[in-house]
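In what follows, chains are A, B, ... by sequence order, proteins preceding strands, each numbered from 1. Quick caveat: nothing in here was measured; it's all calculated off a predicted structure.
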Number of protein chains: 2
Amino acid sequence: MAAARVRSGGRPTLEEVAARAGVGRGTASRVINGSPRVSDATRQAVEAAVAELGYVPNRAARALAGNRTDAIALVVPEPETRFFAEPYFSAIVRGVGAALADTEMQLLLTLVGNDRERRRLAQYLTAHRVDGVLLVAVHADDPLPELLEQLGMPCVISGARHAAEPLPSVDSDNFEGARAAVEHLVSRGRHRVATITGRLEVYGAQRRLDGYRAAISAAGLAPDERLIAPADFTEEGGAAAMRDLLARRPDLDAVFVASDVMAAGARQVLREADRRIPEDVALVGFDDSVVARHMHPPLTSVRQPIEEMGRRMAQLLLDEIAGRTPGDERPSVVLPTELVVRDSS
Amino acid sequence: MAAARVRSGGRPTLEEVAARAGVGRGTASRVINGSPRVSDATRQAVEAAVAELGYVPNRAARALAGNRTDAIALVVPEPETRFFAEPYFSAIVRGVGAALADTEMQLLLTLVGNDRERRRLAQYLTAHRVDGVLLVAVHADDPLPELLEQLGMPCVISGARHAAEPLPSVDSDNFEGARAAVEHLVSRGRHRVATITGRLEVYGAQRRLDGYRAAISAAGLAPDERLIAPADFTEEGGAAAMRDLLARRPDLDAVFVASDVMAAGARQVLREADRRIPEDVALVGFDDSVVARHMHPPLTSVRQPIEEMGRRMAQLLLDEIAGRTPGDERPSVVLPTELVVRDSS
DNA sequence: CAGGGTATTGGGAGCGCTCCCAAATGGGGT
DNA sequence: ACCCCATTTGGGAGCGCTCCCAATACCCTG
């Protein structure tokens, strides 16, 4: 009873569908692909045959004949563990998945770890095994984007690499998010607001710092470089930076931290230094990760619409694949952030 | 300068490689696919040609001719947000990625949200667009595994659905993890140990409860159903269950919670009830998620080797695809857990 | 030295689809 | 009634590869 489904020739082919509908293979193909050059009667006949036979096009044959793959790759640099942490990875994937849901596009997940895998990826892409590429967490010095450009392979990156990003990109408004966070601290009466930054080679980290600076001067506060401590997006780095800050400006009354994870490190140091949060020092993070919600006290944080970013990336890529008109700007999307106020500020 | 790479015929084909090596197409194919029936001299000639031409096989052609795809799908039910949360999703993906790294296999990510997408997936699989499927977070009543079975599509699931799981599966030792956690609590002098369970239709949640029971009786403690509160893996559920427990047995001195997220909810309730952790009530969670590390106090938790689970799933699936010998048992792997002791116990 | 393997090799026959050209069909216009 | 053009249709020619059969070359036996 179980294996009775096997037909003479396996799955039905276009040829069989065409025969069943009493039309030629070409016509059947046209219907399947939604060409307008088919009469209504014919279309209906073919559609009926498709339904009766349960026909599903063979992807491999399509790819071979049509010289495309109907697949895009999401390339994730594995060393970038930050990206793998909540909330990034799953949110991006969900967004991309959502955008692709009513498309024929497949999503290929490609983790790039060591150099060997990097080369394999390059080979991969060179061999045109995908129609386009989604690149997340690319470093400014990554050769991959240029390679893709040369190959003419459509590509969208998340997070511009610098102010004049040539590639289509999707980013959250790091500047404005940081600015709003600091403004919020100032509005709560804090006047000695410090910041712990991410790795400043990362453009987004730089923009957050810019936003901090903008808010400080907009508030008419005196900028003080001793209130700025660079770190590296890690919990330990955040802790170290916090120690520096306390040493340099023991009188600080607020800290804007460029990531929740670093904020967790900072909070630990503040606790050891017996500073109460938020009474003595107000704290604001960035990312609105699960860490923020479960910190003690819950951390005010800047939320990025990450799932939406994934969705937009995918849409942008689909547009690129469909054909960017030469005259068009390379589209670059910047999405707004949202300040989630909790008890730490 | 940019688009000068385009060769006469695009990428080199097998035919061209064969010509360059001075052999026939069949022979070249044999070399590429590592057939032993080729002389050393010929093999070297072909390999040289491959290198010189930078030949990479065309996947679509291969798939069409060979009736396989060299791709597997990781199917993720999107409603199962629990799975998307840290640490599951990214860890599984990393593990799977690692296992596939030195394989020609591609990883297809398939999110299944609503029913429409479910049907599309079924169609997908029916059309044999992948060589095998990794199924995570399947419910006991999910029809998908049976469908795959019928289709003869190799498949591995994470988390057995019940004691007599017919499909190849990879799981962590939920029973032993829970047992060890409770034993740990008892060894710390706790004698009124409660538990908050996950949804008991989930086999893993049931096993954790079994482990709890085993440890209680092994310790010679009196089992008490009032110490057992069912919940649903959510933070709110954990909080509600904790309230119940406190109402029923105000004298409890420890709680084993079947997930960190529920533990977070429970902790909140304990704080409101002015119970100190761990002095008044010791707490142990499950998953060792990022929440556990950042809870206050840091939460003792049972760690599952999730990345390793992903790796094993992929390996199992590759074996299945390579051909399960009919006589073989369906392999089912159970990996050990590890108790990570922190300040909450 | 003949006979019967065995180890290699070449290349035909598709796999199922898209692309595209040529053929067939159906109206209008004059 | 005739011709021209737009619309619709059929099906040949591949896409690049694997499978497999037949051909060739080579090596032992007796």
Closest listed nucleotide, where the reference is the side chain of B:Val23 and the choices are C:dG16, C:dC19, C:dG10: C:dG10
Spacing of B:Leu64 atom CG relative to D:dC15 atom C1', expressed in whole Å: 9 Å
Salt bridge present between B:Glu16 and B:Arg20 (N-O < 4.0 angstrom): no
Contact under 4.0 Å: A:Ser29 side-chain N or O vs C:dC17 OP1/OP2: no
Interatomic distance, B:Asn58 CG vs C:dC15 P [rounded to whole Å]: 18 Å
Selection: residues 32-40 of chain B, any non-hydrogen atom under 4.0 Å of DNA chain D: B:Asn33
Nearest-nucleotide comparison on DNA chain C, the residue closer to the 5′ end among B:Arg43 and B:Ala61: B:Arg43
B:Asn67 atom CG: more than 12 heavy-atom contacts under 6.0 Å: no
Between D:dG16 (C1') and B:Asn67 (CG): distance, integer Å: 16 Å
Quiz item: B:Arg30 side-chain donor-acceptor pair to C:dG10 base, under 3.5 Å: yes
Whole-Å distance separating the CZ atom of A:Arg68 from the C1' atom of C:dC19: 12 Å
Atom pair CZ (B:Arg118) and CG (B:Leu144), whose distance is rounded to the nearest 0.5 Å: 5.5 Å
CG (A:Asn114) with more than 12 external heavy atoms under 6.0 Å: yes
Spacing between A:Glu15 atom CD and C:dC15 atom C1', to the nearest angstrom: 12 Å
Nearest-nucleotide pick for B:Ala65, side chain only, options being C:dG16, D:dG10, D:dT18: D:dT18
B:Arg25, nearest nucleotide to its side chain (from D:dT18, D:dG12, D:dT9): D:dT18
Exam field: side chain A:Arg94 to backbone B:Leu111, donor-acceptor pair closer than 3.5 Å: no
Nucleotide nearest A:Pro57 when distance is taken to its side chain, options D:dC20, C:dC17, D:dT9: C:dC17
Residue-phosphate contact under 4.0 Å: B:Thr42 side-chain N/O, C:dT8 OP1/OP2: no
Between C:dC15 (C1') and A:Arg59 (CZ): distance, integer Å: 17 Å
Lys/Arg N to Asp/Glu carboxylate O, B:Arg312 vs B:Glu308, below 4.0 Å: yes
Below 4.0 Å: OP1/OP2 of C:dT18 and any side-chain N or O of A:Arg62: yes
Nucleotide C:dC15, atom P - distance to NE2 of B:His128 in whole Å: 17 Å
Heavy-atom donor-acceptor pair, B:Arg161 side chain to B:Leu167 backbone, under 3.5 Å: no
